[in-house]
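Positions are given from 1, in the same order as the sequence printed here.
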Amino acid sequence: MGIFEYAPAPESRDLANLKPHYRPFVDGEFVDGSGEPLKTINPATEEVLAEVGTASVSDVDTAVKAARKAYNGVWAKMPGSERAKYLFRIARLIQERSRELAVLESLDNGKPIKESRDSDVPTAAAHFFYHAGWADKLDYAGYGPNPRPLGVAGQVIPWNFPLLMLAWKIAPALATGNTVVLKPAETTPLTALVFAEICQQADLPPGVVNILPGAGDIGAALVGHGDVDKVAFTGSTEVGKAIQRQIAGSAKKLTLELGGKAANVVFDDAPLDQAVEGIVNGIFFNQGHVCCAGSRLLVQESIAEEVLEKLRYRVSTLRLGDPLDKNTDIGAINSAEQLAKIKGLVESGDAEGAERWTSPCPVPERGFFFAPTVFSDVQQSMRIAREEIFGPVLSVLTFRTPEEAVTKANNTPYGLSAGIWTEKGSRILWMANQLRAGVVWANTFNRFDPAAPFGGYQESGFGREGGRTGLEAYLDV
């Protein structure tokens with residue numbers, strides 16, 4: 001039976017309200033940054049979307065001073081019930097501007113509009129709603145008497161979930177009484193700067209939130225600033241280690257959410273059609289630009305061929321193309337640099353003897369696209385089984401016994417997430433207890449909730465974001 005052909009169903013890019021120029025946000029105002037302006041690019045077309053003013057080291061100091069003034073003068077003194085009103089207001093404004101934010105996110109990042117529309121933006125709003133509810137309950141949250149905010153939080157976020165990662169960082173910081181200076185990723189600054197507009201709409205006191213676009217040197221200046229009390233970083237393990245070295249010996253609190261190489265484990269009693277959908281969601285969601293992506297598939301040997309056959313067919317039906325088309329399943333890779341990294345690791349898989357299968361889907365001639373790819377006959381020593389590819393590439397390994405599955409799943413320096421597919425509840429609980437991973441999903445994958453803490457072990461970082469546990473990272477308890 002042939003695959004249905006879908007007529008194009010594009011979302012209007014006019015909804016993004018693109019401006020030709022964006023500026024940093026400091027002390028409640030948009031200001032001219034003294035750094036070199038950058039041009040942010042649509043990865044699906046390689047066209048310039050806008051020019052973005054960037055911060056310099058002196059701007060970092062100005063923003064931190066504004067955050068400190070707001071902390072001492074207004075925000076830390078404000079009753080939690082009053083802080084909550086601002087967070088609720090921000091959450092509602094995100095909802096009101098959700099279509100604009102979704103289109104802008106897809107233009108700037110390359111992800112399919114159905115993901116930014118149905119996942120990223122609603123979940124960002126949900127984080128502000130959830131944390132607003134905690135703002136006046138911290139005395140009763142089990143942290144002991146009189147939990148206090150830390151002060152000024154310096155936050156650095158990645159390009160794979162620009163608005164959502166901003167919400168993960170800013171919502172708990174504000175709910176607990178801290179003020180924020182945030183640096184968005186160099187390639188995806190636009191939704192963070194529209195969020196700054198939302199802060200103005202919400203009448204958030206000046207200096208409580210500051211947004212500084214820029215490159216890695218601005219992130220390093222923010223992390224190393226002497227008046228920053230708390231550092232939160234999501235990104236690569238390499239940069240996370242550099243941050244640890246940079247602030248070692250200081251009194252700053254630190255949380256790191258870094259890379260991953262998650263194992264998605266499928267047993268012979270698993271519901272295979274359901275598992276295949278979970279496998280696809282686990283690795284091809286957001287083009288594989290997910291730290292907790294299920295990039296290593298471990299399949300019990302007796303069902304490996306059947307799973308691979310079903311998986312290849314399902315992947316061949318995924319539609320790759322224009323991120324603004326509502327029918328698109330896989331959008332554009334975020335940058336030429338990331339595309340080159342993916343291609344290099346895929347070539348290493350070929351060279352080391354893995355069997356490569358790539359979807360026959362058409363690939364646009366323009367833009368940064370990579371067709372979904374599945375490697376079988378993968379050995380644990382291969383680079384594609386050890387290194388984070390951060391793209392739509394799946395490595396398939398096999399196992400015979402649950403003990404072997406645990407050994408192979410844990411054979412990684414990372415430890416962010418894992419998935420288990422089986423009908424046996426006892427096996428799920430046994431496996432979850434054995435796996436060295438911060439999040440373990442059972443018969444599903446990539447499910448998130450603001451009330452559930454998220455974070456990793458080993459080279460995937462430390463600390464948790466979300467839930468009551470995540471609030472503690474912003475409190476002196």
*Check the pair Ile330, Phe370 against side-chain contact (heavy atoms from CB on, under 4.5 Å), reporting the backbone distance first and the verdict last.*
CA-CA 9 Å; Ile330 297 180; Phe370 194 87; over 6 Å; no

Side-chain heavy atoms of [X] within contact of [Y], under 4.5 Å:
X: Pro392; Y: Ile283; result: no
X: Phe462; Y: Gln244; result: yes
X: Ser295; Y: Tyr414; result: no
X: Leu222; Y: Leu212; result: no
X: Leu345; Y: Val393; result: no
X: Glu46; Y: Phe368; result: yes
X: Leu471; Y: Tyr143; result: yes
X: Val374; Y: Pro372; result: no

*Hey, mind stepping through Leu204 and Trp75 against side-chain contact (heavy atoms from CB on, under 4.5 Å) and telling me if it holds?*
CA-CA 10 Å; Leu204 193 69; Trp75 199 245; 3.8 Å; yes

Using a 3.5 Å distance criterion without hydrogens, assess whether the side chain of [X] forms a donor-acceptor pair with backbone atoms of [Y].
X: Asn410; Y: Arg436; result: yes
X: Asp229; Y: Lys252; result: no
X: Glu105; Y: Leu163; result: yes
X: Gln246; Y: Ala220; result: yes
X: Asp476; Y: Arg148; result: no
X: Thr54; Y: Pro213; result: no
X: Asp108; Y: Leu190; result: yes
X: Thr62; Y: Ser58; result: yes
X: Thr444; Y: Trp441; result: no

*Mark yes when over 12 heavy atoms from residues, nucleotides or ligands other than Lys65 sit less than 6.0 Å from its NZ; otherwise mark no.*
no

*Take atom CZ in Arg468; do more than 12 heavy atoms of anything else shown fall under 6.0 Å from it?*
yes

Closest non-hydrogen atom pair, [X] against [Y]:
X: Asp325; Y: Ala9; result: OD1-N, 3.2 Å
X: Lys326; Y: Lys114; result: O-CD, 3.9 Å
X: Asn411; Y: Arg296; result: O-NH1, 4.1 Å
X: Leu416; Y: Ser460; result: N-OG, 3.3 Å
X: Pro122; Y: Ser116; result: CD-O, 4.0 Å
X: Tyr22; Y: Asn17; result: OH-O, 3.9 Å

*If we ignore angles and hydrogens, is there a donor and acceptor under 3.5 Å between the side chains of Thr255 and Lys230?*
yes

*asked:* Test salt bridge (charged side-chain N to carboxylate O under 4.0 Å, His left out) on Arg117 and Glu11; report intermediate values, then the result.
replied: CA-CA 11 Å; Arg117 178 197 65 199; Glu11 181 66 279; 5.7 Å; no

Could you give the distance from [atom1] ([X]) to [atom2] ([Y]), rounded to the nearest 0.5 Å?
X: Arg13; Y: Ile113; atom1: CZ; atom2: CD1; value: 12.0 Å
X: Ile94; Y: Glu100; atom1: CD1; atom2: CD; value: 11.5 Å
X: Asp329; Y: Gln287; atom1: CG; atom2: CD; value: 10.0 Å
X: Tyr71; Y: Leu150; atom1: OH; atom2: CG; value: 7.5 Å
X: Leu435; Y: Ile420; atom1: CG; atom2: CD1; value: 5.0 Å
X: Leu101; Y: Ser106; atom1: CG; atom2: OG; value: 11.0 Å

Residues 332-341, side-chain donor-acceptor partners within the protein, below 3.5 Å, at least two apart:
| from | atom 1 | to | atom 2 | distance (Å) |
| --- | --- | --- | --- | --- |
| Asn334 | OD1 | Thr187 | OG1 | 2.9 |
| Asn334 | ND2 | Asn109 | O | 3.1 |
| Ser335 | OG | Gln338 | N | 3.1 |
| Gln338 | NE2 | Ile389 | O | 3.2 |
| Gln338 | NE2 | Phe390 | O | 3.0 |
| Lys341 | NZ | Glu388 | O | 3.3 |

*asked:* Run the salt bridge (charged side-chain N to carboxylate O under 4.0 Å, His left out) test on Asp120 and Lys111 for me, step by step, so that the C-alpha distance in whole Å, both residues' side-chain angles and the decisive distance to 0.1 Å come before the verdict.
replied: CA-CA 10 Å; Asp120 291 30; Lys111 66 176 63 193; 2.4 Å; yes

*Are Arg464 and Tyr457 in a cation-pi contact, defined as NZ or CZ under 6.0 Å from the six-membered ring centre and within 45° of the axis?*
yes

*Tyr86 ring centre to Arg83 NZ or CZ under 6.0 Å, with the angle to the axis within 45°?*
no

*Report the C-alpha separation of Ile170 and Phe128 in whole Å, then their side-chain angles, then the decisive distance to 0.1 Å, and conclude whether the side-chain contact (heavy atoms from CB on, under 4.5 Å) test is met.*
CA-CA 9 Å; Ile170 291 181; Phe128 279 96; 4.1 Å; yes

*Please state whether the rings of Trp134 and Tyr130 are parallel, tilted or perpendicular, taking 30° and 60° as the class boundaries.*
perpendicular

_Suppose the criterion is side chain to side chain donor-acceptor pair (under 3.5 Å): which pairs have a residue in residues 217-228, not counting sequence neighbours?_
Asp61-His225, Arg68-Asp227

_Go through it in stages, so that I can follow the logic: the residues are Ser56 and Asp59, the test is side-chain hydrogen bond (donor to acceptor under 3.5 Å, both in side chains), and I'd like the CA-CA distance, side-chain angles, deciding distance and then a yes or no._
CA-CA 5 Å; Ser56 67; Asp59 295 324; 3.2 Å; yes

*From the options Lys261, Arg386, Lys241, select the one residue that forms a salt bridge (charged side-chain N to carboxylate O under 4.0 Å, His left out) with Glu459.*
Lys241

Which donor-acceptor pairs under 3.5 Å do the side chains of residues 152-162 make with protein atoms, sequence neighbours left out?
| from | atom 1 | to | atom 2 | distance (Å) |
| --- | --- | --- | --- | --- |
| Gln155 | NE2 | Lys169 | O | 2.9 |
| Gln155 | NE2 | Tyr474 | OH | 3.0 |
| Asn160 | ND2 | His289 | O | 3.1 |

*Evaluate side-chain contact (heavy atoms from CB on, under 4.5 Å) for Val223 paired with Val228, printing each intermediate quantity in order.*
CA-CA 7 Å; Val223 166; Val228 166; over 6 Å; no

